[in-house]
Amino acid sequence: MTALDQPDLLSEDAVGDPYPLLAALREQDPVHWSERYRSWFVTRFDDVDACLRDERFSSDRIAPYRRARLDRAGTDPGVRAAFGVLEDWMVFKDPPDHTRLRKLLSRAFTPRAVERIRPRIGEIADELLDVVAGTGRADLVGDYAYPLTASVIAEMLGVPREDRHRFKGWSDRITGLVFGGLADSDRHTDGAGGMAELTEYLSGLVDAHERAPADDLLSALISARDAGDSLSHDEVIATGVLLLFAGHETTTNLIGNGLLALLRHPDQRARLAADPPLIGGAVDELLRYDGPAKTIARLMAADVELRGRTLRRGERVFLCASAANRDPEVFAAPDELDITRADRRSLGFGVGLHYCLGAPLARLEAAVAIPRALDRLPGLRTTGEPLRWHPVLLSRGMLRFPVAFDC
Ligand code: HEM
């Protein structure tokens, strides 16, 4: 039996290093039906790019799930409520609902809001590095990337500093809802608990911001207007949860995976150290080489022919950004890390209507955080301990990233 008879992106090997399996799929079966996941896997750059721009590949996948599975007696009301919040996320909507929410969020999440946080990113990074600098060992995910990105988005939203530590617990639990399988009911119950606590917390914060607006993202969301339209109270809360979640899970993984790639490629690390302005291109290359968005899910809204296969209405499709980003038809020597690569396009932030709204913020955070850790932790190196990765289809990131350095 060859690996392609029953390829499993969640096998231990593929979770640790998905690229050999993704390359085999891309070469041998680029539009692959997986019996195991009852889903399609699309792996070539041109196909993934085209599908992401094609509205027949629908993002509206929470509402159909709720209608089919949750709108019946006996469903845990907490789970139903949690999926209700996800249903208000623009990332799970098609036009015209998506267009409306995206316009309103764009009014609040402006380049100015990102620019305002810029100096704080370096300060927060330094505070976190101060804590570990004298110890010689750290977990760059848990001690650095995660608290950094969580603090940045919480500060932008206007969450009081003393409450920020609570977000990690909530966010960890919600991960099971967003990145886990839709049929995983234990994770759903736990995720729903996290969602209930977080939405209750945010609801109080939204009330306080309605009474006393501040110069932050939550106030901007409350007052965002487009042609007389505005976000409802529940939509402000759901969008707050989306930003907190989208704003740091993924960016944590870009910083973690990016630092790992540089530690594994000392020549590229030395090149960056010798020429710090290369960091902008380096971040794009790290996103391409081992980015956080392993696959992007869609639900077929119509029958579509692709490379001789028929993707039928109602079927699920995983558009494999990580495979597309290493397609040799598009990138020369795609498995090599080259921070000076001229071709900087990748599908790491998606493409089309749902192109990542937080891309400028994510790029900025990585461009500050990655060099700062390399500068401030002399002799930074991996410890040789086996790395453990999140066992999920949609995202790629380490559970912990143990490192050692001189002190
Ligand atoms: C390296 C970090 C990040 C990566 C790799 C990433 C990746 C993505 C991808 C692939 C999508 C498209 C999803 C789809 O087509 O279904 C997306 C959408 C989105 N991202 Fe990001 N993201 C990152 C950081 C952020 C940050 C920092 C924020 C905000 C604070 C953010 C907010 C959003 C939002 C709101 C959407 C939905 C856009 C829409 O549906 O129109 N992301 N992101």
Side-chain angles (χ1 to χ4, degrees), residues 48-49 51-55 57-62 86 88-106 108-111 113-114 117 121 145-146 148-157 159 171 178-179 216-218 220-221 231 235 238-259 283-284 286-299 316-322 324-325 346-370 394-397:
V48 174
D49 183 76
C51 296
L52 283 170
R53 296 172 194 273
D54 185 335
E55 290 183 23
F57 291 74
S58 167
S59 291
D60 180 5
R61 53 192 187 277
I62 302 294
L86 296 186
D88 272 340
W89 285 11
M90 73 181 68
V91 71
F92 294 133
K93 288 196 180 287
D94 291 334
D97 295 340
H98 170 263
T99 323
R100 170 183 169 261
L101 287 175
R102 178 140 181 149
K103 268 193 186 156
L104 285 164
L105 178 51
S106 305
F109 197 87
T110 56
V114 175
I117 197 76
I121 300 173
Y146 204 106
L148 169 69
T149 55
S151 295
V152 167
I153 191 64
E155 192 159 323
M156 283 181 85
L157 275 166
V159 172
S171 183
V178 182
F179 288 152
D216 57 34
L217 205 49
L218 214 47
L221 283 174
L231 295 171
E235 285 170 344
T239 305
V241 179
L242 168 61
L243 288 174
L244 278 168
F245 188 80
H248 79 289
E249 287 290 338
T250 43
T251 317
T252 295
N253 294 337
L254 178 60
I255 295 170
N257 300 0
L259 278 164
V283 167
D284 283 343
L286 293 167
L287 183 76
R288 181 198 72 80
Y289 179 78
D290 197 13
K294 191 158 59 181
T295 73
I296 301 171
R298 292 289 186 265
L299 201 62
R316 192 167 50 165
V317 187
F318 288 106
L319 303 168
C320 301
S322 293
N325 288 340
S346 87
L347 299 174
F349 286 124
V351 74
L353 292 181
H354 291 276
Y355 178 78
C356 177
L357 204 75
L361 175 63
R363 283 201 170 95
L364 179 61
E365 289 184 80
V368 172
I370 290 175
L394 291 174
S395 89
R396 170 146 172 91

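Positions are given from 1 along the sequence. Both counts, for ligands and for their atoms, begin at 1 and track the order of listing.
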### Query
Short list, please: which atoms of ligand 1 are under 4.0 Å from a heavy atom of G348?
5 (C), 7 (C), 10 (C)
### Query
Got the closest protein heavy atom to atom 36 (C) of ligand 1, with its distance?
L357 N, 4.1 Å
### Query
Does some side-chain heavy atom of R53 sit less than 4.5 Å from a side-chain heavy atom of L353?
no
### Task
Answer yes or no: is there an ion pair linking D284 with R363, defined by an N-O contact shorter than 4.0 Å?
yes
### Task
Heavy-atom contacts with I153 under 4.0 Å: which atoms of ligand 1 show up? List them by number with element.
30 (C)
### Task
Can you pull out the closest protein heavy atom to atom 25 (C) of ligand 1? Residue, atom name and distance to 0.1 Å, please.
A246 O, 3.4 Å
### Task
Check whether any side-chain N or O of D97 sits under 3.5 Å from a backbone N or O of K93 as a donor-acceptor pair, and report yes or no.
no
### Message
Measuring from atom NE2 of H98 to atom CD of E55, what distance do you get when rounded to the nearest 0.5 angstrom?
### Response
10.0 Å
### Query
Is there a nitrogen or oxygen of T251 sitting under 3.5 Å from a nitrogen or oxygen of ligand 1?
no
### Candidate list P360, C356, P292, test side-chain contact (heavy atoms from CB on, under 4.5 Å), partner F349, passing option
C356
### Query
Taking N or O atoms only and a 3.5 Å limit, does R61 qualify as a polar contact for ligand 1?
no
### Summary
Residue, atom and distance of the protein heavy atom nearest atom 40 (O) of ligand 1 read H354 ND1, 2.6 Å
### Query
I296 heavy atoms, cut-off 4.0 Å: which ligand 1 atoms fall inside?
10 (C), 14 (C), 15 (O), 16 (O)
### Message
Tell me whether ligand 1 is touched by K93 - counting only heavy atoms on the residue side and a distance under 4.0 Å.
### Response
no
### Message
Any heavy atom of F109 closer to ligand 1 than 4.0 angstrom?
### Response
yes
### Message
With rounding to the nearest 0.5 angstrom, report the OG to CG distance, S395 to N257.
### Response
9.0 Å
### Summary
Only residue of T251, T252, T250 satisfying side chain to side chain donor-acceptor pair (under 3.5 Å) with T149 is T252
### Between CD1 on residue I62 and CH2 on residue W89, distance to nearest 0.5 Å
8.5 Å
### Task
Pull out every atom of ligand 1 sitting under 4.0 Å from any heavy atom of R298, numbered as shown with elements.
14 (C), 15 (O), 16 (O)
### Query
What is the closest protein heavy atom to atom 6 (C) of ligand 1, and at what distance does it sit?
F349 CD2, 3.7 Å
### Message
With a 4.0 Å cut-off on heavy atoms, is N253 in contact with ligand 1?
### Response
no
### Summary
For L254, the atoms of ligand 1 under 4.0 Å from one of its heavy atoms are 1 (C)
### Message
Using a 4.0 Å cutoff against the non-hydrogen atoms of R102, which atoms of ligand 1 qualify?
### Response
38 (C), 39 (C), 41 (O)
### Query
Identify the closest protein heavy atom to atom 23 (C) of ligand 1: which residue and atom is it, and at what distance?
T250 OG1, 3.2 Å
### Query
Roughly how far apart are F109 CZ and L157 CG, rounded to 0.5 Å?
9.0 Å
### Query
Any N/O of S59 closer than 3.5 Å to an N/O of ligand 1?
no
### Query
When you measure from atom 13 (C) of ligand 1 to every protein heavy atom, which one gives the shortest distance, and what is it?
V91 CG2, 3.9 Å
### Message
Tell me the nearest of P360, C356, G352, G358 to atom 8 (C) of ligand 1, using heavy-atom distances.
### Response
C356
### Message
Using 30° and 60° as the class boundaries, would you call the ring planes of H248 and F245 parallel, tilted or perpendicular?
### Response
perpendicular
### Query
What is the distance from atom CG of N325 to atom CG of L287, rounded to the nearest 0.5 Å?
7.0 Å
### Message
For R100, is there an ion pair with E235 - N to carboxylate O distance below 4.0 angstrom?
### Response
yes
### Query
Does any donor atom in the side chain of H354 or S59 lie under 3.5 Å from an acceptor atom in the other side chain?
yes
### ligand 1 N/O within reach of H98 N/O, cut-off under 3.5 Å
yes
### Message
At less than 4.0 angstrom from any non-hydrogen atom of A362, what atoms of ligand 1 do you find?
### Response
1 (C), 2 (C), 24 (C)
### Query
Considering only heavy atoms of L353, which atoms of ligand 1 have at least one such atom less than 4.0 Å away?
41 (O)
